[in-house]
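Worksheet: the structure to be examined is printed underneath.
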Amino acid sequence: MEYNFRDIEKKWQQKWVEEQTYKVVEDKNKPKFYVLNMFPYPSGAGLHVGHPLGYIASDIYARYKRLQGFNVLNPMGYDAYGLPAEQYAIQTGQHPEKTTFQNIDRYREQLDKIGFCFDWDREVRTCAPEYYHWTQWAFQKMFNSFFCLKEQKAMPIEKLIQRFETKGTQSDDGGTVQVACTEELNFTAEEWNSWDEKKKSDVLMNYRIAFMGETMVNWCAGLGTVLANDEVVDGVSVRGGFPVEQKKMRQWCLRVSAYAQRLLDGLETIQWSDSIKETQKNWIGRSEGTEVQFKIADSDESFTIFTTRADTMFGVTFMVLAPESELVEKVTTAEQKAAVEDYIKYVKGRTERERMIDHKVTGVFSGSYAINPFTGEKNPIWISEYVLAGYGTGAIMAVPAHDSRDYAFAKHFNLPIIPLIEGADVSEESYDAKEGIVTNSPRKDVKPYIDFSLNGLTVKEAIAATKKYVKEAGIGRVKVNYRLRDAIFSRQRYWGEPFPVYYKNGIPTMIPEECLPIELPEVDKFLPTETGEPPLGNATVWAWDEANKKIVENTKIDNKTVFPIELYTMPGFAGSSAYYLRYMDPHNNQALVSEEADKYWQNVDLYVGGSEHATGHLIYSRFWNKFLFDLGVSCKEEPFQKLINQGMIQGRSNFVYRIKDTNTFVTLEKKDQYDVTPIHVDVNIVSADVLDVEAFKAWRPEYNNAEFVLNDEGKYVCGWAVEKMSKSMFNVVNPDMIVEKFGADTLRLYEMFLGPVEQSKPWDTNGIDGCHRFLKKLWKFMTNEDGTINATEGAASKEELKALHTLIKKVTADIEVFSYNTSIAAFMVCLNELTKLKSTSREVKEALTILLAPFCPHLAEELWHLLGKNTTVCDAPWPAFNEDYLKEDSVKMMVAFNGKARFQLEFPADVTKEDAEKAALANPQSAKWMEGFTVAKVIVVPGKMINIVLKK
RNA sequence: GCGCUUGUGGCGGAAUUGGUAGACGCGCCAGACUUAGGAUCUGGUAUCUCCGAUGUGCAGGUUCGAGUCCUGUCAGGCGCACCA
């Protein structure tokens with residue numbers, strides 16, 4: 001009987017559903033293992049063969065762990081909120097929920113065909129009210145929390161209010177409270193207590209973890225919304241590619257920056273690739289430096305700069321302020337006013353994109369000077385766009401000799417350059433390296449301004465010495481800065497989680513926790529309102545009746561008992577930040593996750609997904625989880641213990657070559673004889689690079705009458721190239737088609753056989769035959785002509801057991817390190833061996849079936865069934881490896897001369913080094929190689945080789 | 001510019017601690033069964049001047065021995081990008 005994958009796969013997929021084979025319940029008697037894939041956004045295009053790669057890899061691991069006796073959680077769900085569905089809604093009027101659900105159904109249909117062991121009872125959708133209930137809940141918790149820098153954790157805002165009521169912002173040790181904030185404020189308890197509700201609310205926003213802030217945001221007019229930093233690339237939106245500009249707006253934000261240090265420290269405790277860790281480290285951007293105060297000459301004012309090169313204080317020749325800095329106004333003199341205003345105007349006219357693409361050297365002199373506290377010199381204060389308002393203090397001291405940007409500025413505006421490191425040549429470029437011996441600090445030809453010298457120290461020593469001096473002199477302090485910015489958390493869109501917030505006399509107020517979730521209201525239009533409000537402004541039932549605790553019609557708004565509700569919605573990352581916790585306990589309507597479920601499942605042991613989420617999702621969800629950890633909701637500080645980044649599957653495009661100005665196409669071999677234009681051709685009508693000429697004619701009307709110049713064999717051969725898999729390249733391969741033609745087990749096998757999971761590689765359907773052939777051969781090996789299993793009882797032969805245990809060893813080791821391609825190769829070798837041995841041992845065939853189960857679950861179930869088992873193969877015990885079967889009676893060793901291998905000798909397995917050496921030297925074949933040489937020494941590597949070192 | 005990462009046949013890719021480079025698969029070649037096949041089976045397939053020599057991007061080094069370790073360099077991919 002043939003290997004009938006269609007019937008087998010259909011049958012077992014049905015059985016798995018009927019028998020709830022993949023339903024998982026907490027079981028304290030078994031160790032847990034949590035496998036998770038990054039859940040997909042269900043796009044309208046459906047899945048192509050690249051999408052399931054990670055799912056297959058994790059599915060194999062999940063099944064393997066289950067066979068090893070673990071209780072495995074392997075859930076799947078949908079990141080259902082997103083811009084494409086909403087853009088489609090705007091164009092067609094179709095409710096985004098409708099398109100989203102259609103797409104989800106399509107995804108599910110495609111996923112089901114591949115035979116994953118997902119527990120679909122635990123499915124989550126971010127757009128379901130019972131799910132976003134907990135997104136809204138977490139937001140409210142963040143609103144009601146502040147971050148204590150001393151304890152490095154979130155705490156209830158009430159504690160901070162109490163402190164303000166009794167001591168204002170004063171801390172116990174007399175300084176200012178160490179609390180993460182937008183802006184450092186100082187006020188007394190009296191002041192605080194005298195303020196009205198509105199003022200208090202405004203002040204608290206400075207400290208809340210979810211807060212409303214007036215910040216520079218990435219405004220995308222094309223999408224009508226603000227975007228987070230990771231949603232903007234090269235000054236355009238990731239979705240849609242619309243230009244993005246900087247704009248000051250009042251938005252909800254999350255104080256992610258408060259967690260910067262913990263986000264950095266946590267990286268040390270998790271098993272992620274170095275590249276992702278490195279990317280996150282860069283994104284967090286910790287930099288240890290010094291803040292130094294500079295007095296403004298002829299004024300009582302002073303300002304603070306941040307530097308990591310405190311050792312260069314003696315080389316400062318000018319100061320630079322960011323154009324947006326509040327200091328600009330203070331330092332601009334009357335004579336320079338017009339010039340400065342012109343310059344500010346110019347900077348404002350530059351878009352983010354322009355500033356990013358060309359780094360022009362521009363700037364203007366403010367007219368004022370700052371007094372260098374180390375040299376006493378008056379350094380001119382300039383204003384330039386190369387200094388960023390959002391980092392440090394928005395002001396720098398410029399040391400052109402040792403900073404390339406300052407150098408470029410100094411050269412352009414003809415400012416002095418003073419080298420401070422022995423031997424540094426700064427005539428052509430700055431010397432940026434942080435190494436060398438400090439000199440000119442202070443310069444020998446000038447009278448020292450202060451009693452302090454760095455001369456003769458290394459850069460490192462000089463930095464430390466300066467830090468110490470600055471601190472003692474009271475002109476600065478040691479400071480750690482992070483590049484990580486707070487996340488903008490509101491979007492001016494419809495298709496997202498609504499904020500559970502209403503505005504009571506202008507004060508953002510939380511809707512009571514027991515009233516959650518606040519469901520997304522219906523609107524008749526998905527565009528902004530005519531008055532420019534976000535789409536939720538179109539909702540007619542969107543007001544909060546405070547007394548009756550319910551949502552009512554907008555017409556009832558009186559701002560006494562009924563108030564307007566927030567019109568913004570949450571961004572995409574809101575729903576995807578804690579979904580992994582929800583899978584643990586998806587139907588709980590009392591809590592995000594019960595304590596028992598959280599204690600049992602802990603965190604994700606293996607997380608699989610693309611590396612493109614390195615600075616988005618993977619930062620936000622770590623932040624979100626750390627917050628929930630502080631709350632005691634999550635028992636683990638890091639959500640994802642081990643991370644595997646699956647590579648991208650690229651497309652393999654095919655080309656035909658049209659002779660210019662004709663409708664004649666020439667085969668690859670002869671294309672150089674003509675003037676041709678390459679044209680993408682649908683890969684689905686090309687097989688092994690040979691074009692199906694008739695299918696090509698039928699493909700498009702303009703090719704109906706196409707003519708062809710064929711090769712000598714009468715074939716049309718196409719060219720090919722590796723490109724991104726996309727519709728426009730006609731290289732999209734659909735998994736359904738592969739499943740239909742070869743079966744899900746072949747697809748699973750081939751996707752893994754293609755190469756290492758973490759590596760990007762092109763998809764080439766041509767190679768799939770090899771994997772399909774393997775399964776056919778396996779079927780033939782396992783079964784008789786009549787479809788019954790071909791197995792006999794009794795002891796298996798030594799050779800059979802050797803082949804089997806070689807496989808067990810290899811597969812077990814390979815799965816642990818996700819090297820699936822090599823384990824599949826081992827399967828092929830083993831099958832060949834067993835076929836040659838005409839093995840019929842039941843013992844061997846049972847073990848083989850279990851080993852196969854993670855890779856090809858349908859076929860394994862069928863074989864398991866044929867072997868007379870009436871349980872699922874998923875619960876079989878993983879075969880134990882026995883080293884004894886691999887032991888050899890004899891051992892072959894290579895004899896080499898000066899490292900060059902020459903011939904092989906066979907010895908008894910327990911041969912000693914000395915005997916092997918003797919035998920090699922005495923062997924007649926050796927004589928030939930040793931002629932004219934003497935033996936210097938002999939190196940014996942047991943079981944591998946005998947290297948005889950010769951010299952003249 | 002900085003950080004990470006990858007360079008091995010016609011192609012995808014294998015190679016424990018340094019120990020016979022090219023496993024496995026595709027493709028290709030030859031043969032078998034077939035009047036037929038995009039079916040199945042068997043054998044072959046790095047290069048050359050084919051005794052033998054040369055071969056893992058390139059140039060050096062360490063070593064009895066290097067794809068693997070070290071130094072330099074080139075090329076591709078990804079990420080960040082005026083972060084003081």
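Computed from a prediction, not measured in an experiment: that's the story for all the values here. Chain naming here is simple, since letters A, B, ... match the order of the sequence lines and numbering starts at 1 in each.
- No side-chain donor from either of A:R902 and A:Q925 sits under 3.5 Å from a side-chain acceptor of the other.
- As rounded to the nearest Å, B:C4 and B:A84 have C1' atoms that lie 24 Å from one another.
- Distances were taken from every side-chain heavy atom of A:F306 (C-beta onward) to each of B:G19, B:A84, B:U5; the shortest belongs to B:A84.
- Checking the phosphate oxygens (OP1, OP2) of B:G13, a side-chain nitrogen or oxygen of A:Q759 falls inside 4.0 Å.
- In terms of phosphate contacts, A:K776 brings a side-chain nitrogen or oxygen within less than 4.0 Å of OP1 or OP2 of B:U40.
- Base pairing in RNA chain B yields stems of at least 3 consecutive Watson-Crick or G-U pairs, both distances under 3.5 Å, namely B:1-7 with B:74-80, B:10-12 with B:24-26, B:27-32 with B:40-45, B:46-48 with B:52-54, B:57-61 with B:69-73.
- No donor-acceptor pair under 3.5 Å is formed between the side chain of A:D764 and the backbone N or O of A:R652.
- In summary, A:E740 and A:R6 engage in a salt bridge, as defined by a charged side-chain N under 4.0 Å from a carboxylate O.
- A cation-pi arrangement, defined by a distance under 6.0 Å to the six-membered ring centre and an angle within 45 degrees of its axis, is present between A:R622 and A:W272.
- Rounded to whole Å, the distance from CG on A:L950 to P on B:G65 is 12 Å.
- Residue contacts shown for A:D764 are absent, as no nucleic acid heavy atom lies under 4.0 Å away.
- Between A:F742 and A:F5, the gap from one ring centroid to the other reaches at least 6.0 Å.
- Residue side chain A:K944 does not reach the base of B:U16 through any donor-acceptor N/O pair under 3.5 Å, judged by distance alone.
- Heavy atoms of A:R286 sit nowhere under 4.0 angstrom from any nucleic acid atom.
- Residue A:V387 is in base contact, counting any heavy-atom pair closer than 4.0 Å across all strands shown.
- Between A:N654 atom CG and B:C11 atom C1' there is a gap of 13 Å when expressed in whole angstrom units.
- At a threshold of 4.0 angstrom between heavy atoms, the contacts of A:M945 include nucleobase atoms, whether or not backbone atoms are also involved.
- Taking for each of A:L754 and A:A825 the nucleotide of RNA chain B with the nearest heavy atom, the 5'-most of the two is the partner of A:L754.
- In this structure, A:K892 reaches neither bases nor backbone, as no heavy-atom distance under 4.0 Å exists between it and the strands shown.
- When each of A:I824 and A:V941 is assigned the nucleotide of RNA chain B bearing its nearest heavy atom, the one mapping closer to the 5' terminus is A:V941.
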